[in-house]
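Everything on this sheet refers to the single structure shown next.
Given the structure is predicted, the values throughout are model-derived calculations rather than measurements. Letters go in sequence order (proteins before strands), and every chain restarts at 1. Worth knowing before you read on, the calculation uses all heavy atoms, side chains too, and leaves out hydrogens, waters and symmetry mates.
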2 protein chains.
Amino acid sequence: MNTNYKAYELPGVTVDLVIFTVSEGLLKALLVKRAEEPFAGSWSIPGGFLKAGESLDEAAVRVMHDKTGVKEVYLEQLYTFGDPDRDPRARVITITYFALIPWKNLMQPASSKVADVAWFPVDGLPTLAFDHKKIMNYAIARLRAKASYSNIVYGLMPEKFRLSDLQKMYEIIINKPLDKRNFRKRMLATGLLQETGSRDIAGAHRPAMLYKFKKLKLTVLD
Amino acid sequence: MNTNYKAYELPGVTVDLVIFTVSEGLLKALLVKRAEEPFAGSWSIPGGFLKAGESLDEAAVRVMHDKTGVKEVYLEQLYTFGDPDRDPRARVITITYFALIPWKNLMQPASSKVADVAWFPVDGLPTLAFDHKKIMNYAIARLRAKASYSNIVYGLMPEKFRLSDLQKMYEIIINKPLDKRNFRKRMLATGLLQETGSRDIAGAHRPAMLYKFKKLKLTVLD
DNA sequence: CCAAAAGTGTTATTGATACACCCATGC
DNA sequence: GCATGGGTGTATCAATAACACTTTTGG
């Protein structure tokens with residue numbers, strides 16, 4: 001990369017992702033530890049330079065796959081950041097995306113081409129490199145806003161699940177408790193849920209009906 | 001610009017704008033006629049390459065000012081388009097914005113550094129160069145969605161106006177009629193409007209109260 | 001007195017919220 | 001029989017949508 005600034009110097013173009021998942025009852029984001037300067041040793045959100053012949057969405061999927069091994073996910077363009085001094089080395093603009101992937105799809109431990117990759121609960125994030133704190137906040141706000149009125153949460157559920165599991169998932173993401181009766185009413189009213197015949201085999205309580213989604217249609221754009 | 005594709009070739013980065021205004025009862029967008037290939041003679045949305053040291057927002061304001069003479073406007077980043085073949089010459093990604101400016105602020109006729117600049121009603125647009133049709137559609141959808149629940153329309157009004165003028169402005173933008181009584185109720189309920197003492201001096205009918213905005217606070221981000 | 005736009009309230013519908021008790025099971 | 005989570009219905013409130021007539025002015 002080039003540090004001379006000419007009038008129309010071509011900036012570097014990266015695609016950076018805020019990748020969310022839910023595990024252990026917490027909303028978590030994937031971070032990578034930087035090996036090189038600047039910000040060596042700091043955590044940052046995963047990303048990479050845009051390659052020739054690759055669309056922005058494809059680049060996002062590639063970065064996603066490199067870091068998590070997962071390809072099929074909810075993925076949405078977030079915002080493009082390009083302040084002239086956001087990278088101290090050279091002009092770099094970044095198209096950011098956010099993704100939401102099911103914990104169970106991840107090959108544990110996290111794929112390790114990049115040695116230091118880790119999931120952090122979003123309310124316990126370390127200091128982030130570059131302007132990644134800003135990007136992260138933006139992504140969290142968008143995810144929470146979107147979760148309330150769309151069905152992006154669906155992709156996170158296992159094939160069969162209890163309504164209480166689904167409610168828990170919503171509560172973790174939007175970070176507030178929901179009323180059980182109202183929740184069930186609303187969910188069933190969507191017509192997207194279908195009873196499976198079976199019930200869970202859990203512990204010392206009444207077994208719950210297991211549901212599945214009628215047609216798992218992920219919203220791709222807003 | 002460079003037509004060789006290497007693995008990490010730096011793409012060109014432009015900032016393109018869909019600039020809206022309202023005049024003669026119509027929602028219009030500003031287009032420029034391309035002088036050069038590709039798409040010579042076609043209409044396109046205004047834009048320009050990002051300059052060194054300039055933020056994305058600053059570039060948008062610059063393009064805006066170059067084409068319209070106007071600087072203070074509602075401006076919002078829309079989406080970033082970067083399909084590999086969207087420009088036949090070379091890889092160019094574009095960060096798009098949409099703007100909404102008051103017709104009265106424009107120096108008529110439209111500034112003519114670029115000879116062929118014209119306003120087109122959005123329901124009578126010509127064929128557009130590149131992927132600009134897609135960008136335009138996206139911008140129109142976003143503008144309409146946003147107009148319904150935000151106050152971006154305010155910046156389009158003159159200092160004093162009748163409530164019926166304000167209603168007409170909304171109707172033009174969202175492209176559907178509104179109920180007069182419900183509209184007035186809602187508007188007055190916001191608390192943002194203030195009666196001026198004066199009334200309009202119009203024609204053969206009961207003179208209307210003129211209103212102004214209490215504090216003209218433009219929404220800058222969502 | 002006619003044309004033209006200003007101005008004004010009430011009702012119905014819908015969607016969102018608040019809220020408490022009984023049920024089926026394993027131990 | 002008790003602890004655990006599953007499962008259910010109703011009343012209230014707020015926001016939205018539908019809807020028609022009288023008023024003031026100029027010509």
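Comparing B/Lys185 and B/Lys180 against DNA chain C, the residue whose closest nucleotide sits nearer the 5' end is B/Lys180. The 5' end of DNA chain D is approached more closely, in terms of each residue's nearest nucleotide, by A/Pro207 than by the other of A/Asn182 and A/Pro207.
The distance from atom CD of B/Glu195 to atom P of C/dA6 is 15 Å, rounded to the nearest whole Å. Between the CG atom of B/Asp165 and the P atom of C/dA5 there is a distance of 12 Å, given to the nearest Å. In this entry the distance linking CZ of A/Arg206 with C1' of C/dC22 reads 9 Å, nearest Å.
Taking the six-membered ring for Trp and the full ring otherwise, B/Phe213 and B/Phe161 have centroids separated by under 6.0 Å.
Residue A/Arg184 has a polar side-chain atom (N or O) positioned under 4.0 Å from OP1 or OP2 of D/dG7. Of the side-chain N and O atoms in A/Ser164, one or more sit less than 4.0 angstrom from OP1 or OP2 of D/dG6. Put simply, A/Arg199 has a side-chain N or O that comes within less than 4.0 Å of OP1 or OP2 on D/dG7.
Taking only side-chain atoms of A/Ala208, from C-beta outward, the nucleotide of D/dG7, C/dA6, D/dG9 with the closest atom is D/dG7.
Between B/Tyr79 and B/Tyr138, the ring-plane angle classifies as tilted under the 30° and 60° cut-offs. Classification of the A/Tyr170-A/Phe183 ring pair by plane angle, with boundaries at 30° and 60°, yields perpendicular.
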